[in-house]
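First up is the structure itself, then whatever we jot down about it.
Small disclaimer: the values here were computed from a predicted structure and weren't measured.
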2 protein chains.
Amino acid sequence: MTISRGGADRVRRRPTRSGVILEPSMIIDAALRLIEAPGGNALTVRRLGVELGADPSAIYRYFRDMDALLIAVADRLISETLADFEPGADWRESLREMGRGVHDSMLRHPRLAQLRAIRFTAGPNELRADDIGIGLLLRAGFAPADAVRHFRDFIDAVLALAAMDAIELGPGQEEADKRALAEVYASFSDEDYPNLAKARDHLTQITSSPFPGVLDKLIDALDRAAPKRKKRSRDH
Amino acid sequence: MTISRGGADRVRRRPTRSGVILEPSMIIDAALRLIEAPGGNALTVRRLGVELGADPSAIYRYFRDMDALLIAVADRLISETLADFEPGADWRESLREMGRGVHDSMLRHPRLAQLRAIRFTAGPNELRADDIGIGLLLRAGFAPADAVRHFRDFIDAVLALAAMDAIELGPGQEEADKRALAEVYASFSDEDYPNLAKARDHLTQITSSPFPGVLDKLIDALDRAAPKRKKRSRDH
DNA sequence: TACGCTTAGGTCAATGCGTTGACATAACTA
DNA sequence: TAGTTATGTCAACGCATTGACCTAAGCGTA
């Protein structure tokens with residue numbers, strides 16, 4: 001069983017019952033169409049079958065499973081993230097902008113967010129992103145090994161936080177959680193939780209996204225770790 | 001339909017076909033047993049039914065859905081995380097230890113990791129953890145509002161990273177990904193990716209966990225943001 | 001052109017999954 | 001004792017995935 005080796009070298013072009021000739025790219029298109037359909041999350045293998053005019057199981061001739069299909073869709077989206085990004089003069093600001101771009105892009109496609117956070121797409125777009133990010137840290141003065149390590153830390157933290165922000169809870173679930181939290185925070189005993197008591201009025205902010213704060217902290221830490229810019233002998 | 005209001009106020013104790021009298025705590029126990037069963041991830045509603053000697057759908061009289069059941073199980077585990085934790089003299093070290101504890105606990109129960117990262121359990125254990133964490137930052141000299149905000153950032157980042165580390169890929173998936181990555185990193189063109197080229201020898205480290213590095217960065221940033229310890233007038 | 005072989009790839013049926021609505025009945029209440 | 005209702009049970013839905021099958025596309029040969 002050879003799978004997902006692209007469309008070019010496929011030779012047997014057998015039409016489905018409804019006459020369509022399948023192509024990997026058609027399946028990716030259809031999947032993206034369903035993902036972005038109004039109502040959201042309309043992508044299921046069965047609906048994909050209907051959308052394509054083929055038996056649902058035909059999809060498995062092209063992608064090992066739903067995961068593999070989603071990865072193919074995800075690689076299309078990384079380019080979207082990079083499209084409108086140009087590194088600027090200040091590496092800190094550029095890194096921040098990159099982080100925000102990734103975060104936004106992932107919120108735009110929650111279904112793919114977790115996948116993008118943990119899987120390597122092996123596509124050229126992912127490499128491009130790494131090249132840009134590591135380039136920024138090299139420019140900041142980090143040695144290559146440190147630049148790689150720090151960028152890995154940075155981008156993985158951004159991806160993980162973004163994936164969490166992107167997760168969609170069931171209808172009403174989020175409000176229910178917030179209400180439960182507000183109630184608990186309003187009613188705990190000062191003796192049992194003395195530290196929380198001191199901060200009681202500020203606990204509500206706990207429900208807002210941690211992303212901006214974490215982004216600040218990561219860049220702060222990198223700034224602190226960056227080699228200090230001073231004249232070195234080879235700069236004579 | 002009233003659900004999951006604990007066991008005490010339940011009045012109709014009707015036995016299942018096999019004679020068992022159900023209790024919420026029994027269901028949680030059984031779920032935890034299945035989660036920790038050899039082979040892992042053995043928890044399904046249907047198996048839970050068998051384990052309990054009841055129809056699978058009976059579980060839905062006690063928990064709204066699988067998610068609600070998992071949250072109940074998760075609250076049990078937070079106490080496990082806190083059990084062997086005692087804040088020490090240095091707030092930075094204590095925070096680091098707390099982060100590591102959460103990370104370890106989540107890796108121990110991957111099935112529950114994502115849930116713990118995004119949902120509020122409304123249980124006393126979660127409150128306790130918040131109280132301890134915010135206490136550490138208050139001790140570091142942060143004003144209450146800042147302590148809350150910074151701890152939220154810290155703990156959410158730790159949870160998000162841990163959730164990512166905990167995700168289990170399909171069999172062979174992880175190796176396949178690493179191999180694909182190693183191949184791509186070994187063979188890209190120096191001209192297309194000049195920055196990656198400068199760091200070529202160091203790219204392999206990209207596959208190790210970002211958790212320790214991110215933990216360092218978060219604590220570094222907090223240390224930097226902490227009010228400097230100097231004599232203040234009220235300390236006379 | 002014709003014939004037969006191999007096999008990619010479309011289809012079908014079945015598995016186990018979470019979840020739900022209808023139903024049955026035992027357990028409490030008046 | 002009759003009525004109410006909590007709670008167990010059953011059958012069904014749509015889901016992803018898979019193994020068996022079937023058939024036509026393409027190939028080699030004459």
Side-chain angles (χ1 to χ4, degrees), chain A residues 1-24 26-27 30-31 34-35 39-71 73 111 115 169-173, chain B residues 1-24 26-27 30-31 34-35 39-71 73 111 115 170-171 173:
Chain A
M1 184 167 57
T2 315
I3 257 175
S4 171
R5 44 184 167 75
D9 50 351
R10 286 195 172 239
V11 278
R12 308 264 181 107
R13 317 316 312 269
R14 185 175 173 179
T16 69
R17 179 162 225 78
S18 71
V20 189
I21 304 268
L22 292 180
E23 285 277 352
M26 282 175 52
I27 300 178
L34 287 174
I35 285 174
N41 264 346
L43 175 61
T44 72
V45 178
R46 289 164 142 81
R47 271 201 274 259
L48 202 46
V50 174
E51 180 85 9
L52 290 165
D55 188 275
S57 64
I59 282 114
Y60 293 90
R61 298 282 179 208
Y62 294 81
F63 298 94
R64 205 173 45 72
D65 55 16
M66 192 60 161
D67 233 51
L69 170 55
L70 288 177
I71 285 182
V73 177
R111 175 74 182 260
L115 214 59
L169 273 48
Q173 190 71 261
Chain B
M1 184 167 55
T2 317
I3 257 176
S4 167
R5 46 184 165 75
D9 50 352
R10 287 197 172 237
V11 278
R12 308 262 182 108
R13 318 315 312 271
R14 185 174 174 178
T16 69
R17 179 162 226 77
S18 72
V20 189
I21 304 266
L22 292 180
E23 284 278 352
M26 283 176 51
I27 301 178
L34 287 174
I35 285 174
N41 264 345
L43 175 60
T44 71
V45 177
R46 287 164 143 86
R47 271 202 274 259
L48 201 46
V50 175
E51 180 84 9
L52 289 165
D55 188 276
S57 64
I59 282 117
Y60 292 90
R61 298 283 178 208
Y62 295 80
F63 298 94
R64 206 174 44 72
D65 55 17
M66 192 61 159
D67 233 52
L69 169 55
L70 287 177
I71 285 182
V73 177
R111 175 74 181 262
L115 213 59
Q173 190 72 260

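Not counting sequence neighbours, the partners of B:I71 by the side chain to side chain contact (heavy atoms under 4.5 Å, CB included) test are B:L115, B:R119, B:T121.
Picking from C:dC17, C:dG10, D:dA16 the nucleotide with the shortest atom distance to the side chain of A:M66 gives D:dA16. Distance from the side chain of B:V45 is smallest to C:dT19 among D:dT23, C:dT19, D:dT5. Comparing C:dT11, D:dT17, C:dC28 by their closest approach to the side chain of A:A58 singles out C:dT11. Of the candidate nucleotides D:dT17, C:dG10, D:dG26, C:dG10 has the atom lying nearest to any side-chain atom of A:T16.
No donor-acceptor pair under 3.5 Å is formed between the side chain of A:D67 and the backbone N or O of A:L70. For the pair A:R64 (side chain) and A:L69 (backbone), a donor-acceptor distance under 3.5 Å is absent.
Among the atoms of the strands shown, base atoms are found under 4.0 Å from some heavy atom of A:R46.
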Would you give me the side-chain donor-acceptor pairs under 3.5 Å for residues 46-55 of chain B, sequence neighbours excluded?
from	atom 1	to	atom 2	distance (Å)
B:R47	NE	B:A42	O	2.7
B:E51	OE2	B:R33	NH1	2.4
B:D55	OD1	B:S57	N	2.9
B:D55	OD1	B:S57	OG	2.6

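For the pair B:I21 and B:M26, the minimum side-chain heavy-atom distance is 4.5 Å or more.
Rounding to whole angstrom units, CG of residue B:D65 and P of D:dC15 are separated by 18 Å. One can place CD of A:E23 at 13 Å from C1' of C:dG9, the figure rounded to the nearest angstrom. Rounding to whole angstrom units, CZ of residue A:R61 and C1' of C:dG9 are separated by 5 Å. If you take CG of A:N41 and P of D:dA16, they are 11 Å apart, rounded to a whole angstrom. Taking atom CG of A:L69 as the reference point, atom C1' of D:dT17 lies 14 Å away to the nearest angstrom. The interatomic distance linking B:Y62 (OH) with D:dA6 (P) rounds to 13 Å, in whole Å. The CZ-C1' distance, from A:R111 to D:dA16, rounds to 11 Å in whole Å. Atom CD1 of B:I59 is separated from atom C1' of D:dT9 by 12 Å (rounded to the nearest Å).
Near DNA chain C, meaning a heavy atom under 4.0 Å away, the residues from residues 49-57 of chain A are A:A54, A:D55, A:S57.
In this structure, B:Y60 does not reach the C:dG21 phosphate: none of its side-chain N or O atoms is under 4.0 Å from OP1 or OP2. The side chain of B:T44 places an N or O atom within less than 4.0 Å of a non-bridging phosphate oxygen (OP1 or OP2) of C:dC17.
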